[in-house]
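Within every chain, numbering begins at 1; the chains are lettered A, B, ... in the order of the sequence lines, protein sequences first and strands thereafter. Reckoned from all heavy atoms, side chains included, excluding hydrogens, waters and symmetry mates.
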Protein chains: 2
Amino acid sequence: MKPFHSYSNPALAIDLVVFGYHENELSVLLLNRKDEPFKGGWVLPGAFLQMEERFSDTCSRVLRTKLGMDKLYLEQLYTFDELDRDPRGRAISVTYFALVNPSRLEFSAGTMANDVQWFSVKKIPDLGFDHKIIFKKALQRLRSKILYFPVGFELLDEYFTMTELHELYETILDISLDRRNFRRTILASEYILPTGTKREGLQNRHPELYVFNKKLKKNNFQLNIPLS
Amino acid sequence: MKPFHSYSNPALAIDLVVFGYHENELSVLLLNRKDEPFKGGWVLPGAFLQMEERFSDTCSRVLRTKLGMDKLYLEQLYTFDELDRDPRGRAISVTYFALVNPSRLEFSAGTMANDVQWFSVKKIPDLGFDHKIIFKKALQRLRSKILYFPVGFELLDEYFTMTELHELYETILDISLDRRNFRRTILASEYILPTGTKREGLQNRHPELYVFNKKLKKNNFQLNIPLS
DNA sequence: TCCGTTTGCGTTATTTTGACACAAACTAAC
DNA sequence: GTTAGTTTGTGTCAAAATAACGCAAACGGA
């Protein structure tokens, strides 16, 4: 399939903001560039759109290469069009944000491609291109989204404790939430379901394990986390 | 500025969903195509991105041509990438939605380009390309946006009555809202300010006129319209 | 067994919401 | 002008949601 224009079109890049949550820290996946421009600097992982590709195909290509996993939660974020965002020439960037539970990845931190690394969202280095702006927009989106959408689905293990879910929300929103009010609200929505079981290995541990309610219609769902 | 790719890139279209509000009706601007494909059919107004153009420049070009006005409220909606969305070949569409008070336009219904027309959102004809999907997404966005963002700024006259604002919300959301609760909520937020004046021309009209509060930080603003 | 911490369950005061009553201001018809 | 019906501004009240926090059982480590 060819473009039907006689004149040339801007290059089309797909850039990804991949969020990972692990041990009370929210991180983003960054790539260390091997080539100019920004050689040696950090950028968001991305690739150019191929002619016959859907955006999600390009995302999968990048994710598979860098994380060994391609079926993540993906959501289109925004399309950036500044004229000088790429020093090589006009390039449009369609950006996505992805959520991943790092413990589910094929590549663990040790075996990951040596040009990629997780960075805490609180310690993001300077980024090439306009990627700092893209990152900020993604974080903003995640923070507003978590208030009304069950984002934890993608970031926690299948079984998790109330404390873990509570800490996920505190970490992402970067505020403290009353533990007891949080519990009440979350349970009143049918966001998660109690399993009645305790964590294995620990002989008689107290905290109950929960699972996400798969029967939930993710669409018209409304959470409304109490902010205190 | 040239693209720096050796291989060719997809064409990049900018398509606009322009909403207008007039006499308790929410309408969308549609264009009647003069050429194939979809000759004679209705589509959203749009244009191809030129090499040195920002998206907003392309939007302005389209708006100026069709409405004689280019400084509207504009918001990027979504970028569509289906492979077969344009029968002529691969074309990506970056879509925007715009809000207009038709009474502020240079071109009134009579003097508008004869290939454009307002259609009530309740009576949208079949649309070419994937434009029906784009339209639906825009309407959805407008409806969710109005619940927490002062959208009326763009759709009403400078001075307006409480009833007019109330009816705007009812029309866009397509539900009925309790007049008295709506008033209470809107006034409690500082979304609008009373002017203490009455409408001119009508010697002693009762309904008070309001203006939008320009000092409002449009960012972290939260409305929360009561839905009853 | 003791002690500090975590977890589950509850109470209470305050605020917000939803539903609606009522009278003053207005318009149109006579 | 007077009258009748409508629109507009203000207030009330019960129910629901929110915010703040008490307490004891379950737990882990010393």
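Regarding A:E167, its CD atom lies at a distance of 11 Å from the C1' atom of C:dT6, rounded to whole Å. Remark: P of D:dT8 and CZ of B:F182 are 13 Å apart, rounded to the nearest angstrom. The nearest whole Å value for the distance from the CD1 atom in B:I186 to the P atom in D:dG9 is 14 Å. Taking atom CG on A:D178 and atom P on C:dT12, their separation rounds to 17 Å, with Å as the unit. Rounded to an integer number of Å, the gap from CZ of A:R179 to C1' of C:dT5 is 11 Å. The separation between A:M162 atom CE and C:dC9 atom C1' is 12 Å, rounded to whole Å. In this structure, B:L177 atom CG and C:dT17 atom C1' are separated by 13 Å, rounded to whole Å. One can place NE2 of B:H166 at 13 Å from C1' of D:dT7, the figure rounded to the nearest angstrom.
The side chain of A:T163 approaches C:dT7 more closely than any other nucleotide in the set C:dT7, C:dG8, D:dT8. Nearest to the side-chain atoms of B:N181 among the listed nucleotides D:dT10, C:dG18, D:dA20 stands C:dG18.
In summary, B:E25 and B:K122 do not engage in a salt bridge, as defined by a charged side-chain N under 4.0 Å from a carboxylate O.
Closest approach of B:F212 and B:G152 over heavy atoms only: CZ-C, 3.3 Å.
Defined by atom type and a distance below 3.5 Å, a donor-acceptor pair is missing between the side-chain atoms of B:S27 and B:S120. Side-chain contact, B:Y73 with B:E75: a donor N or O sits under 3.5 Å from an acceptor N or O. For the residue pair A:N24 and A:T171, no side-chain donor N or O sits within less than 3.5 Å of a side-chain acceptor on the partner.
Taking 3.5 Å as the limit, the base of D:dG11 and the side chain of B:R184 contain no donor-acceptor pair of atoms between them. Under 3.5 Å, the side chain of B:R180 and the base of C:dG18 form no donor-acceptor pair of N or O atoms.
For D:dG9, one of the phosphate oxygens OP1 or OP2 lies less than 4.0 angstrom from a side-chain nitrogen or oxygen of B:R183. Not one side-chain nitrogen or oxygen of A:T185 sits closer than 4.0 Å to the OP1 or OP2 atom of D:dT18.
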